[in-house]
Number of protein chains: 2
Amino acid sequence: MMTANVTDRMDVGGKLKAARRSKGLSQRDLALRAGLTNGAISLIEQNKTSPSVASLKRLLDAVSMTLSEFFSEIEETNGPKFFYGADEFIELSPQEIGLSEGASRVSLRQVGNASLHALQMLHETYPPGADTGPGMLVHESEEAGIVISGAIEVTVGDHVKVLNPNDGYLFDSRLPHRFRNLGDTPCVVVSACTPPSF
Amino acid sequence: MMTANVTDRMDVGGKLKAARRSKGLSQRDLALRAGLTNGAISLIEQNKTSPSVASLKRLLDAVSMTLSEFFSEIEETNGPKFFYGADEFIELSPQEIGLSEGASRVSLRQVGNASLHALQMLHETYPPGADTGPGMLVHESEEAGIVISGAIEVTVGDHVKVLNPNDGYLFDSRLPHRFRNLGDTPCVVVSACTPPSF
DNA sequence: TGCGCGCGCTTAGAATTCTAAACACATGAT
DNA sequence: ATCATGTGTTTAGAATTCTAAGCGCGCGCA
């Protein structure tokens, strides 16, 4: 039952109900037209299930509405999103960030849809031995972070330092930089970047 | 496995694949970001399953696209729809058409999304005893039909006639009219109406 | 009041989507 | 060549959506 959470805020069900009502149809009427059952519509309207695109399309056809219309309304109705549950973070794939192939697995979990914002915030986990690689990172941003647990060696230009919990960093990302976990416990860092670098 | 048919023409899968490719992601990359599995994405991209709205939303978030954007593109790409399978007809509910309460169940199956067109075409089935009711129908249209099987009594203004297979009718719908199946076999009629009356 | 009818809700089970694991194929390195 | 790695596909089974049937409630009418 985790699927519904994602769409909870969207309230697909409520919107569908409104559309149905505006046509003066009961759940059974709509069910008949769309070729579903009243029970299914009840569940969808209560956001107890997230309909398949196929089912939603049939429902919207029956009330003469297109999918893009439907979601435009939903996305207008929804104000901007401010809060994100831990399970909503987007897990970025290391290679896309420009990490060298064999580099140990770094977990980068991003808050929200960074490409819609000026600020990118990440929850990073460096397992023991993790390394962003000898090919130093370079991008047009400014970035900062704070170590939460474990320890990590940070290289910026020709400066190198090992940061421990509650230590932080802040630099211009155009300077070549690198992160390495030399210890034997995972290191967790929370970082921010502006503008988003990937 | 009937669900996919509806969305076949939409090619949700193909569109998703394009979006993923444009970000230079593999199915596995996207799966990691969106919190699904590569297998699921493979099936969706081949249109072998129709994703839930919740799943599609997660996928689109991961490629920084909104649902309305996604479906706008789809609906633009899709030319107008010309052909409709028998199972795609929209079943209209009698009461909405203005049929009296107790009137026997008439099945009205509409071709396509009439509210987007000037012409409304119906496949109508009148079971034995079916009657659009003594409260005569009136609307601002012109309508015509042909009897396919069975027989039906049609009243238009003060004219009454029983039509048999291959007989037809054509009149201004502002004249009060009524249909009754007096026989003991179902009567099937194919009718057209312009502009659509409901 | 009591009955019938339509409404939305609930629930067990059927059908579909999604997961986890394996497969087939290609490409590049040793 | 052979292996390792990356890609998309397939498949049995878990999880979720959807169906079919029934429930409870409210409203209108006898």
Side-chain angles (χ1 to χ4, degrees), chain A residues 1-8 12-14 16-21 23-60 62 87 91 93-96 99-105, chain B residues 1-8 10 12-14 16-60 62 87 91 93-96 99-105:
Chain A
M1 198 319 292
M2 67 133 270
T3 343
N5 282 324
V6 182
T7 45
D8 261 357
V12 168
L16 176 64
K17 186 173 192 168
R20 174 175 64 78
R21 285 273 173 74
K23 287 277 178 178
L25 299 171
S26 69
Q27 291 181 342
R28 278 165 231 264
D29 292 337
L30 180 55
L32 185 59
R33 286 186 171 211
L36 297 208
T37 59
N38 57 313
I41 292 172
S42 178
L43 294 171
I44 292 167
E45 287 189 351
Q46 298 171 79
N47 291 317
K48 289 193 175 173
T49 67
S50 175
S52 71
V53 170
S55 297
L56 182 59
K57 172 141 180 41
R58 299 180 72 117
L59 291 167
L60 293 181
D87 61 347
E91 179 85 43
S93 54
Q95 54 268 38
E96 185 198 2
L99 297 189
S100 48
E101 286 295 328
S104 349
R105 299 255 134 224
Chain B
M1 196 319 290
M2 68 133 270
T3 344
N5 283 325
V6 182
T7 45
D8 260 358
M10 297 179 51
V12 168
L16 177 64
K17 186 172 191 168
R20 173 175 64 79
R21 285 272 172 76
S22 78
K23 287 278 179 178
L25 299 172
S26 70
Q27 291 181 342
R28 278 165 231 264
D29 292 337
L30 179 56
L32 185 60
R33 286 186 171 211
L36 298 208
T37 59
N38 59 310
I41 292 172
S42 177
L43 294 172
I44 292 167
E45 287 188 351
Q46 298 171 80
N47 291 317
K48 289 192 175 172
T49 67
S50 175
S52 70
V53 170
S55 297
L56 183 59
K57 171 140 180 40
R58 300 180 71 118
L59 291 167
L60 294 181
D87 62 346
E91 180 85 43
S93 54
Q95 56 268 39
E96 187 198 4
L99 298 188
S100 48
E101 286 295 327
S104 350
R105 298 256 136 223

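The sequence lines fix the lettering, A, B, ..., with proteins before strands; numbering per chain opens at 1. Bear in mind that the values here come from a model prediction, so they are computed numbers and not experimental data.
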Taking all heavy atoms of [X] and all of [Y], pick out the closest pair and write down the distance.
X       : Y       : value
A:Val53 : B:Leu56 : CG2-CD2, 3.8 Å
A:Ser50 : B:Ser52 : O-CB, 3.5 Å
A:Leu30 : A:Ala62 : CD1-CB, 3.7 Å
B:Leu59 : B:Leu16 : CD1-CD2, 3.8 Å
A:Ala31 : A:Thr37 : CB-C, 3.5 Å
B:Glu45 : B:Gln27 : OE1-NE2, 3.0 Å

Rounded to whole angstrom units, what separation is found between the [atom1] atom of [X] and the [atom2] atom of [N]?
X       : N      : atom1 : atom2 : value
A:Lys17 : C:dC7  : NZ    : C1'   : 11 Å
B:Leu43 : D:dG13 : CG    : C1'   : 14 Å
A:Leu32 : D:dT19 : CG    : C1'   : 15 Å
A:Ile41 : C:dC9  : CD1   : P     : 11 Å
A:Leu59 : D:dT17 : CG    : C1'   : 13 Å
A:Arg58 : C:dT16 : CZ    : P     : 12 Å
A:Asn47 : C:dC9  : CG    : P     : 12 Å

Under 4.0 Å between a side-chain N/O of [X] and OP1 or OP2 of [N], yes or no?
X       : N      : result
B:Lys48 : C:dT17 : no
A:Ser52 : D:dC18 : yes
A:Arg28 : D:dA20 : no
A:Gln46 : C:dG8  : no
B:Thr37 : C:dC18 : no
A:Arg21 : C:dC7  : no
B:Ser50 : C:dT16 : no

Counting only side-chain heavy atoms from C-beta out, which of [options] sits nearest to [X]?
X       : options                : value
A:Thr49 : D:dG22, D:dT9, D:dT17  : D:dT17
B:Gln27 : C:dT10, D:dT11, D:dT9  : D:dT9
B:Asn38 : C:dA21, D:dA21, D:dT19 : C:dA21
B:Arg20 : D:dG8, D:dT9, D:dC18   : D:dG8
A:Leu36 : D:dT19, D:dT9, D:dT17  : D:dT19

Only counting residues at least two apart or in another chain, list the ones meeting side chain to side chain contact (heavy atoms under 4.5 Å, CB included) with A:Arg28. A:Ser26, A:Asn38
Counting any heavy atom closer than 4.0 Å, what does A:Ile44 reach on the DNA or RNA strands: base, sugar-phosphate only, or nothing? sugar-phosphate
Estimated bend of the helix from C:dT1-D:dA30 to C:dT30-D:dA1 (axis per five terminal pairs, rounded to 10 degrees): 10°
Can you tell me how far apart OG1 (B:Thr49) and CD1 (B:Ile44) are? Round to the nearest 0.5 Å. 5.0 Å
